[in-house]
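In this chain, residues are counted from 1 in sequence order.
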Amino acid sequence: MMEFQGFSPETIDFLWGLRFNNNREWFEPHKKQYQQSLYEPMKALARDLYPSLEDLPELECKVSRIYRDARLHPPTPYKESLWICFRTADRPWGEQPVFYFELTPEEYSFGFLLWFPKTWQMEQFRKQLAEDPGEFLEIVQQLESSTDLRLEGECFKRPKPCPDESLKRFFELKNFGVTVNRGIDDRLFSPELVDEIRACYQALKPLMRWCRKMML
């Protein structure tokens, strides 16, 4: 099995080609390019990252498929990005806290997400904060004061009732995440990208543990 050596300009060429030619007639002659420049390096990245997460029980790694579900996206047979996701197997990825890495033609991103939580999950989140905010606030403060990372998310149009002004920022959230977003740069083409993502995940582990405990 190959170690991650970085993606390549051919990776980005493929993704842009797919963006403008999202059809089987274009994809089939470029399938080898997809496998060699995008899919195999993505799997290698996932393999190299996984050992650093073994202290988080039950996390599994999933590499996305390039093929769309024709029942949901009939006009476009292929996804125009590829990603890896570290999650548990007990619920859909969007309904649980995950670590991820995603690559598109324009940019790449990585970090932590709780992207499509159920209503009850965010209700539980707000209830937990109202009753015992200390641990969560300490985790977020430590993260944001010691790194460039910041917890953000989509907000409700109508703010939720909040018992404390210090919690208002979090009570407004419909979902949340901590992400690094970058345009295509030389770091993407370097094996050192593994170390950078690994360091990001390491900084986010306390938040991951808190969210997993809160949502049991």
Side-chain angles (χ1 to χ4, degrees), residues 1-4 7 15 38-69 71-73 78-104 107-129 135-136 139-140 142-143 147 149-154 170 173-182 188 193-216:
M1 293 184 292
M2 63 179 285
E3 292 186 354
F4 181 73
F7 294 97
L15 287 168
L38 180 56
Y39 186 62
E40 290 300 328
M42 190 70 78
K43 289 200 300 182
L45 177 61
R47 284 194 298 267
D48 286 359
L49 288 171
Y50 186 75
S52 65
L53 302 177
E54 288 181 335
D55 58 327
L56 294 171
E58 299 178 355
L59 280 192
E60 298 180 353
C61 179
K62 301 293 182 182
V63 179
S64 67
R65 289 167 47 85
I66 199 73
Y67 306 97
R68 288 193 186 277
D69 187 331
R71 298 168 297 177
L72 302 177
H73 306 277
Y78 306 104
K79 300 170 186 172
E80 295 173 5
S81 68
L82 207 70
W83 62 88
I84 56 179
C85 180
F86 297 94
R87 62 175 179 81
T88 62
D90 58 348
R91 66 183 68 173
W93 74 267
E95 298 174 13
Q96 61 174 294
V98 301
F99 290 130
Y100 84 100
F101 172 90
E102 182 176 19
L103 178 58
T104 76
E107 65 179 10
Y108 62 99
S109 62
F110 54 90
F112 166 94
L113 284 176
L114 178 58
W115 193 236
F116 296 115
K118 295 287 190 180
T119 299
W120 71 264
Q121 291 176 303
M122 294 308 290
E123 289 175 349
Q124 176 69 15
F125 171 68
R126 292 188 293 271
K127 180 175 183 290
Q128 179 68 25
L129 289 190
E135 183 180 2
F136 178 80
I139 289 170
V140 174
Q142 173 64 24
L143 176 71
T147 71
L149 302 170
R150 181 173 174 81
L151 189 144
E152 298 176 319
E154 184 181 1
F170 308 109
L173 297 175
K174 296 170 65 175
N175 57 19
F176 58 86
V178 181
T179 64
V180 177
N181 295 284
R182 294 195 182 129
L188 183 68
L193 181 64
V194 173
D195 296 327
E196 190 168 5
I197 299 172
R198 187 183 292 126
C200 177
Y201 289 172
Q202 189 68 31
L204 292 169
K205 279 183 179 180
L207 180 61
M208 169 67 90
R209 289 191 178 99
W210 187 91
C211 287
R212 293 181 68 188
K213 180 175 64 175
M214 183 269 296
M215 292 178 179
L216 289 178

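Using a cut-off of 4.0 Å between Lys/Arg side-chain N and Asp/Glu carboxylate O, Lys79 and Glu102 are scored as not salt-bridged. With respect to the salt-bridge test (charged N to carboxylate O, under 4.0 angstrom), the residues Glu95 and Lys118 qualify.
The nearest pair of heavy atoms linking Arg87 to Gln96 is CB-OE1, 3.5 Å. Of all heavy-atom pairs spanning Ala89 and Glu60, the tightest one is CB-OE1, 3.6 Å. Across every non-hydrogen atom of Trp210 and Glu135, the tightest pair is CD1-CD, 3.6 Å. Taking all atoms of both residues into account, the shortest heavy-atom contact from Arg198 to Leu49 is N-CD2, 3.9 Å. The shortest non-hydrogen separation linking Phe86 to Ala46 is CZ-O, 3.9 Å. Across all their heavy atoms, Leu207 and Ile139 have their closest contact at N-CG2, 3.8 Å.
No more than 12 heavy atoms of other residues, nucleotides or ligands lie within 6.0 Å of CH2 in Trp115, so this atom counts as exposed by the packing criterion.
Under the side chain to side chain contact (heavy atoms under 4.5 Å, CB included) criterion, Lys205 pairs with Leu53, Asp55, Leu56, Phe99, Gln202, Arg209, not counting sequence neighbours.
For the residue pair Glu58 and Thr88, no side-chain donor N or O sits within less than 3.5 Å of a side-chain acceptor on the partner.
Tyr201 contributes a side-chain N or O that, together with a main-chain N or O of Tyr100, makes up a donor-acceptor pair within less than 3.5 Å. Between the side chain of Asp48 and the main chain of Phe4, a donor-acceptor pair closer than 3.5 Å is present.
One finds the CZ atom of Arg65 at 11.0 Å from the CH2 atom of Trp83 (value rounded to the nearest 0.5 Å). Separating the CG atom in Leu103 from the CD atom in Glu80 is a distance of 12.5 Å, to the nearest 0.5 Å. Taken to the nearest 0.5 Å, the CH2 atom of Trp93 stands 6.5 Å off from the CG atom of Leu113. For the atom pair CE of Met214 and NZ of Lys127, the computed distance is 11.5 Å after rounding to the nearest 0.5 Å. To the nearest 0.5 Å, the span separating NZ on Lys43 from OH on Tyr39 amounts to 4.5 Å.
The residue from Asp195, Val178, Thr179, Leu149 that alone fulfils the side-chain contact (heavy atoms from CB on, under 4.5 Å) condition with Cys200 is Leu149.
Aromatic ring centroids of Phe170 and Phe136 lie under 6.0 Å apart. A ring-centre distance under 6.0 Å is not found for Tyr108 and Phe7.
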> Can Thr104 and Leu82 be said to form a side-chain contact (heavy atoms from CB on, under 4.5 Å), step by step?
Replying inline: CA-CA 7 Å; Thr104 76; Leu82 207 70; over 6 Å; no

